[in-house]
Undergrad: 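Structure provided below as structure tokens; questions to follow.
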Amino acid sequence: MTTPSCPCGLPDPYEKCCGRFHAGEASAPTAETLMRSRYSAFGRLDAGYLLRTWHPRTRPERLDLDPGTRWTGLEILDTTDGSAFHSAGTVTFRASYRGGSLHERSRFERVDGAWVYVGGEFLA
């Protein structure tokens, strides 16, 4: 029996990919990896992880996720900076769900060495 690939679109199984970030066993090493893990967290309704990886100055008090939303795919369109050598970066992506898609350019920064989501701009 083969293990399905991670919801973020990378070929590794969830446990070896985004699952280790969700469980707190590791931190995402790049802005893109954090973006992918956050996408997986939306699909798994893991509001705790989403809040933990949100910048303190822009983090909402709580997050109400819609269990009826079925995320169906993530496409990374562009990245700027966001590697181990940067303190900030952007990831432009398209996240598909049953019935539509979300196109966003997300901003990420490092806080105490860990990548966090700052905010995003919706694109046409």
Side-chain angles (χ1 to χ4, degrees):
M1 182 172 113
T2 59
T3 306
S5 59
C6 189
C8 79
L10 294 178
D12 287 334
Y14 169 76
E15 293 75 21
K16 291 185 178 184
C17 195
C18 294
R20 60 197 176 107
F21 305 131
H22 295 171
E25 299 166 2
S27 294
T30 67
E32 179 182 336
T33 306
L34 180 63
M35 172 60 238
R36 289 180 177 279
S37 71
R38 287 176 57 84
Y39 170 83
S40 292
F42 272 102
R44 297 177 70 84
L45 302 176
D46 188 346
Y49 179 77
L50 293 166
L51 291 170
R52 285 193 308 277
T53 58
W54 210 308
H55 197 291
R57 78 170 181 264
T58 58
R59 179 188 309 134
E61 209 170 285
R62 58 184 259 243
L63 197 57
D64 296 320
L65 302 177
D66 181 357
T69 302
R70 296 288 176 246
W71 296 97
T72 58
L74 176 66
E75 181 183 5
I76 302 297
L77 304 171
D78 189 38
T79 61
T80 305
D81 299 334
S83 77
F85 304 105
H86 301 107
S87 59
T90 64
V91 178
T92 303
F93 67 92
R94 181 172 287 109
S96 299
Y97 55 89
R98 193 174 300 144
S101 67
L102 170 75
H103 187 192
E104 181 178 311
R105 180 179 301 113
S106 294
R107 294 183 322 278
F108 298 88
E109 292 179 7
R110 284 187 188 264
V111 172
D112 297 328
W115 285 106
V116 292
Y117 172 77
V118 177
E121 166 190 7
F122 293 114
L123 305 171

Undergrad: Tell me if a side-chain donor or acceptor on T72 pairs with a main-chain N or O of S96 at a distance below 3.5 Å.
TA: yes
Undergrad: Between NE2 of H55 and CZ of R110, what distance do you get to the nearest 0.5 Å?
TA: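 With rounding to 0.5 Å, NE2 (H55) is 12.5 Å from CZ (R110).
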Undergrad: Rounded to the nearest 0.5 Å, how far does CZ of R107 lie from OG1 of T58?
TA: 8.0 Å
Undergrad: So how far is it from L74 CG to R94 CZ, rounded to the nearest 0.5 Å?
TA: 11.0 Å
Undergrad: Where is the tightest heavy-atom contact between L51 and L63, given as atom of each residue plus distance?
TA: CD2-CB, 4.2 Å
Undergrad: What is the distance from atom CH2 of W115 to atom NE2 of H86, rounded to the nearest 0.5 Å?
TA: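 Going from CH2 on W115 over to NE2 on H86, the span is 7.5 Å.
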Undergrad: Which residues pass the side-chain hydrogen bond (donor to acceptor under 3.5 Å, both in side chains) test with T80, sequence neighbours left out?
TA: T90
Undergrad: Is the shortest side-chain heavy-atom distance between M35 and T30 below 4.5 Å?
TA: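 No, every pair of side-chain atoms sits at 4.5 Å or beyond.
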Undergrad: If every non-hydrogen atom of Y39 is compared with every non-hydrogen atom of G73, which pair is closest and at what distance?
TA: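 In terms of heavy atoms, the two residues are closest at OH-N, 2.8 Å.
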Undergrad: Check the side chains of S40 and Y14 for a donor-acceptor pair under 3.5 angstrom, ignoring hydrogens and angles.
TA: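 Side chains of Y14 and S40: no pair found under 3.5 Å.
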Undergrad: Quick one: salt bridge (Lys or Arg N to Asp or Glu O under 4.0 Å) partners of R38, sequence neighbours excluded?
TA: none
Undergrad: Do the side chains of I76 and Y97 join up, straight or via other hydrophobic residues, at under 4.5 Å, putting them in one cluster?
TA: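 Looking at the clustering, Y97 is in the same group as I76.
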Undergrad: Hey, does the side chain of R20 reach the backbone of A26 with a donor-acceptor pair shorter than 3.5 angstrom?
TA: no
Undergrad: Should D12 and C6 be marked as a side-chain contact (heavy atoms from CB on, under 4.5 Å) after you check the CA-CA gap, both sets of side-chain angles, and the distance that decides it?
TA: CA-CA 6 Å; D12 287 334; C6 189; 5.6 Å; no
Undergrad: Shortest non-hydrogen contact from H22 to R52?
TA: O-NH2, 3.3 Å
Undergrad: What heavy-atom pair brings V111 and P56 nearest, and what distance separates the two atoms?
TA: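 Residues V111 and P56, closest heavy atoms: CG2-CD, 4.4 Å.
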Undergrad: Supply the atom-to-atom distance H103 NE2 to E75 CD, rounded to the nearest 0.5 angstrom.
TA: 8.5 Å
Undergrad: Which atom names give the shortest non-hydrogen contact between T33 and F21, and what distance separates them?
TA: CG2-CE1, 3.4 Å
Undergrad: Consider only side-chain N and O atoms of S106 and E104, and report whether a donor and an acceptor are under 3.5 Å apart.
TA: yes
Undergrad: Does any part of the side chain of F93, heavy atoms only, come nearer than 4.5 Å to the side chain of S101, both counted from C-beta?
TA: no
Undergrad: When clusters are formed by joining ILVMFWY residues with side-chain heavy atoms under 4.5 Å apart, either directly or through shared neighbours, do L34 and L102 land in the same one?
TA: yes
Undergrad: Closest approach of D46 and L65, non-hydrogen atoms and distance?
TA: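 So the two residues come closest at N-CD1, 4.0 Å.
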Undergrad: Applying the 4.5 Å side-chain criterion to the ILVMFWY set and letting contacts propagate, would L45 and Y49 be lumped into a single cluster?
TA: yes
Undergrad: State plainly whether one hydrophobic cluster holds both F122 and Y117, where clusters connect Ile, Leu, Val, Met, Phe, Trp and Tyr through side-chain heavy atoms under 4.5 angstrom apart.
TA: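 Yes, one cluster joins them.
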Undergrad: Rounded to the nearest 0.5 Å, what separation is found between the CD atom of E32 and the CG atom of D81?
TA: 13.0 Å
Undergrad: Please examine the side chains of R36 and V91, heavy atoms only from C-beta on, and report whether any two atoms are closer than 4.5 Å.
TA: no
